[in-house]
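Quick one: this structure, given as structure tokens, is what I'll be asking you about.
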Amino acid sequence: MTAISGDRKRSSRLKEKTLDGYNFAYLDDQTKRMIRRATLKAVAIPGYQVPFGSREMPLPFGWGTGGIQVTASIIGIDDTLKVIDQGADDTTNAVNIRRFFAKTAGVETTENTSDASIIQTRHRIPEVKLKSDQIIVYQVPIPEPLRWIEPREQETRKMHALTEYGVMHVGLYENIAHFGKVTTSYDYPVQVNDHYVMSPSPIPKFDNPKMDKMPALQLFGAGREKRIYAVPPYTKVKSLDFDDHPFEIESWSECCALCGSSSSFLDEVITDDKGSRMFVCSDSNFCAERRAKGHKGPGLPRKLEIKDIE
Amino acid sequence: MYVAVKGGDAAIENSQALLAEERRGDRRIPELTLDQIKNQLSLSVDRVMAEGSLYDRDLAALAIKQARGDIVEAIFLLRAYRTTLPRFGNTLPIDTAKMQIRRRISATFKDLPGGQILGPSFDYTHRLLDFSLVENSDSPVAEEASDNILAEMPRVTELLNDEGLIEKEIDVNEQEPFDVTRNSLKFPANREARLQNLARGDEGFLLALAYSTQRGWGKTHPFAGEIRMGEVVVEIIPEELGFPIEVGEITVTECQMVNQFKGSATIPAQFTRGYGLTFGHNERKAMSMGILDRSLRSKELGEAVNAPAQDEEFVLSHSCNVEASGFVQHLKLPHYVDFQSELVTVRALRKASTFSEKNDVSPDSKNLEAAE
Amino acid sequence: MALLDESIDYIPLETGFDDPVYESQIVFRKILKVMSEPGTIKKIKNKLSAPAPMTKATAAICLTLMDFQTKVWMDLPRDSEASKYLKFHTGLKFVEHSSEADFLVFFYAPDEFPPLNLGTDENPETAATVIIQTQSLDDTGKLKLTGPGIKKSRFLNAESIPTSLWDHRGKANSLFPKGIDIILTSNKQLSALPRTTKITMIKTEKG
């Protein structure tokens, strides 16, 4: 995973292929141009899913091929890449995708959110606020937010064309009628720039507010479903809700057992078979940085009591 | 002190080393050669080439070896390799009328010009395990046919065509054909997109859907008009020459289904067509494709569309086993953030619900209370 | 590709990218930046040379985005040096009617756009991208921009573009999601106005 900086620059400038016989960032330039054109249209029509000629990648569909194709089409040798899965840099899938780009593009990789120029993610938005000039690339399994209401693409395409989103609200309202609240907890639909209803990818709804007016460019790639979409910086992103049932996010009565944060998304870790568990930051880099600054959490696993959990 | 689980490079590398070990198996047994796979597992090679959309017996054999015989994995390997290949142009359409026939049968006519040629087939074998194959044995050598096979064998559909009994095939479209490997499929899909999708679709999926039409889920009354298998030449027209030159030869299996007749006030009753074509020798696949091509024309032909095999978006969106295998198996990836969101929601709902606290008498909840 | 393309018997004097993979990526990121933050101005630093009246920025953008899959219409004849240069370096397909084009390139800003593809409500991404060369680009006003990609507002001045063209653009973009996405160039500079950007004309003394 170590980058070979001098050689890497020269080899890319001199030859179209990297040392191991593949194109820079794996994709051929023809494919990159096709994806780049689709990406520009996605940016010009925020929240609209642009169809593209998604390729078979050497990683399986459903494992981030959309995000990988988007990243491969935008990445250059001066970029610094961070890859996370479930918020963490060290999950096997994140490690594997980072390895893929280190191998095929020879780019610098980082775990530090602020140092990254491109962040490819599955299921989370980092806790640290993203900056202008950063690009976050989401891996998307099902790009169509209306899919669970209407599985036919021919129909959902019409619904988007007419901004006919009543059924979406009916769906959420049925939730309220049944449970007293909206029970969608991840992949919670949003409306972009007061027009397209969009899937934020399966991030927890905790992360939805971070998308609103984000200074970084947000790109979404769905490889198997062959769609790319985007939210430009500083664009309004609103989670669907109702006047009498406003959008709300998850909260924990615990703080992170390691760094003591009470503002981050927490993963629950079961520590024995007697009901003991602890909560730790899902964003591994955020947690590590806090600990490096001397923040400490309660540390000890504790027994779960039902009344503690909201 | 709690330490988060680390995936890491080392774990991945170790896993891959183990995989390589398992692939090789017992080292006292000679390693499989690609020649052995190409020659003795030729139908596996054919299937991998067909669904991998790449006609290359050596690469298909390599993929099968690397995938430890897992055909869907081998197809994936070939597809991922195919993506990286440059594209030089389109070939001319292959002409199956000029096929060097190795097998040709029709279920619609007892005899016909060119005759019935049984060729190599499992069809009339008794499915008895042949214990003579346990030990390496010299298989009998087939005798060469004494009759000459016609160089140009007329198709059954052409014979019907002469009488106007079957719908005419539409003229070859001059435009560059839609390419499902370079574009996202649009619905409704045109026939070339549909046939391409089915040609690289999963054999098992196509087989099951074709079977469903035979059991009444969108019947098409198919007759196997003709099935032929053999070699056809592949030609291109180089810009600088302006005339076609042969660049190779491929084995294909073609199936022309003759289906349910249609008629209207303006057109007298005619049979309809369903077309199947696959790389290599694979009649199961070609026939399933022929049946599905026809059943997916239900809407176009004004028939009621109410069975899965007639639903174009359903069939074409789920036919690819590389996509399906990836997405089903992606559930192995961590989902603990999503699951945590659900846990928070479900616990909040349970807390809010008086029902769950006071009236839930399921054994689980009793145990939980007892444990507390 | 050679099999499909018209034969090329002309080699332009002007050079394209020295290292296409490396250079087109850098140019693309600049296009992506200006398209996602409308009105920002970026500068290309590539060494390529382009035949007049084509500027370096226009050439770099075309070389980055166009190939044999793109249909292009230009306000210069097919046998112009600029046309031949782009055909040679990208293999693009020139089309006769502006309404068929994926990309339209204007070396001289028109008063109004010719008929062009605005996309459809169901497939707005099929709309054309328009590249317009201007005399100069700066952030000194005239056009006040708001919309996605802009924090509050941003100012842009694109010299030599007539007001009537902005009016025409405004009308087309009122049909959102259909609309026109514009890339502006001047010498080595580029900026962009996607269909979502609202333009307010700032009155100056000259009007």
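Here the structure is a predicted model, which is why all the values come from computation and not from measurement. Here is how names work: the chains are called A, B, and so on, in the same order as the sequence lines, proteins then strands, and each is numbered from 1.
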So which of P148(C), P177(C), P194(C) has the biggest tally of heavy-atom pairs under 4.5 Å with chain A?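 Going by pairs under 4.5 Å, I would pick P148(C).
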Interface moiety of S73(A) toward chain C, non-hydrogen atoms closer than 4.5 Å: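 The backbone, not the side chain.
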Which bit of D28(A) comes within less than 4.5 Å of chain C, counting heavy atoms only: side chain, backbone, both or neither?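 Interface part for D28(A): neither.
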Taking side chain as everything from C-beta outward and backbone as N, CA, C, O, which of these in H195(A) sits under 4.5 Å from a heavy atom of chain C? Side chain, backbone, both or neither.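 Answer is side chain: those atoms of H195(A) sit under 4.5 Å from chain C.
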Minimum heavy-atom distance S132(A)-E37(C), with the two atoms named: OG-OE2, 3.8 Å
Tightest non-hydrogen contact, residues T196(C) and N193(A), listed as CG2-ND2, 4.4 Å
If the test is side-chain hydrogen bond (donor to acceptor under 3.5 Å, both in side chains), which one of T70(C), D102(C), D67(C) qualifies with R37(A)?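 Filter result, single survivor: D67(C).
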Proximal component of I75(A), with respect to chain C [non-hydrogen, under 4.5 Å]: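 Answer is backbone: N, CA, C or O of I75(A) sit under 4.5 Å from chain C.
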Which answer fits K213(A), side chain, backbone, both or neither, if we ask what part of it has an atom under 4.5 Å from a heavy atom of chain C? neither
What part of F103(C) is in contact with chain A, defined as an atom under 4.5 angstrom from a non-hydrogen atom: side chain, backbone, both or neither? side chain
Looking only at heavy atoms, what is the nearest atom pair of A44(A) and D181(C), with distance?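 So the two residues come closest at CB-OD1, 3.4 Å.
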Minimum-distance pair of heavy atoms, taken over all atoms of G149(C) and T235(A): N-OG1, 3.6 Å
Who in residues 23-33 of chain C is close to chain A, using a strict under-4.5 Å heavy-atom cut-off?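 Residues of residues 23-33 of chain C touching chain A at under 4.5 Å: S24(C), Q25(C), F28(C), R29(C), I31(C), L32(C), K33(C).
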Is atom NZ of K210(A) surrounded by more than 12 heavy atoms (other residues, nucleotides or ligands) closer than 6.0 Å?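 For K210(A), atom NZ is crowded (more than 12 foreign heavy atoms under 6.0 Å).
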Please confirm whether the backbone N or O of L65(C) pairs with a side-chain atom of R36(A), one donor and one acceptor, at under 3.5 Å? no
Counting heavy-atom pairs under 4.5 Å to chain C, which of R157(A), K32(A), M34(A) comes out on top?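 Ranked by contacts with chain C, first place is R157(A).
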With chain C, the option among V192(A), I74(A), V43(A) that has the most non-hydrogen atom pairs under 4.5 Å is I74(A)
Identify which part of L40(A) has an atom lying under 4.5 Å from any heavy atom of chain C, answering side chain, backbone, both or neither. both
Could you list which of residues 118-140 of chain C have a heavy atom closer than 4.5 Å to any heavy atom of chain A, in residue-number order? D121(C), E122(C), N123(C), P124(C), E125(C), A127(C), A128(C), T129(C)
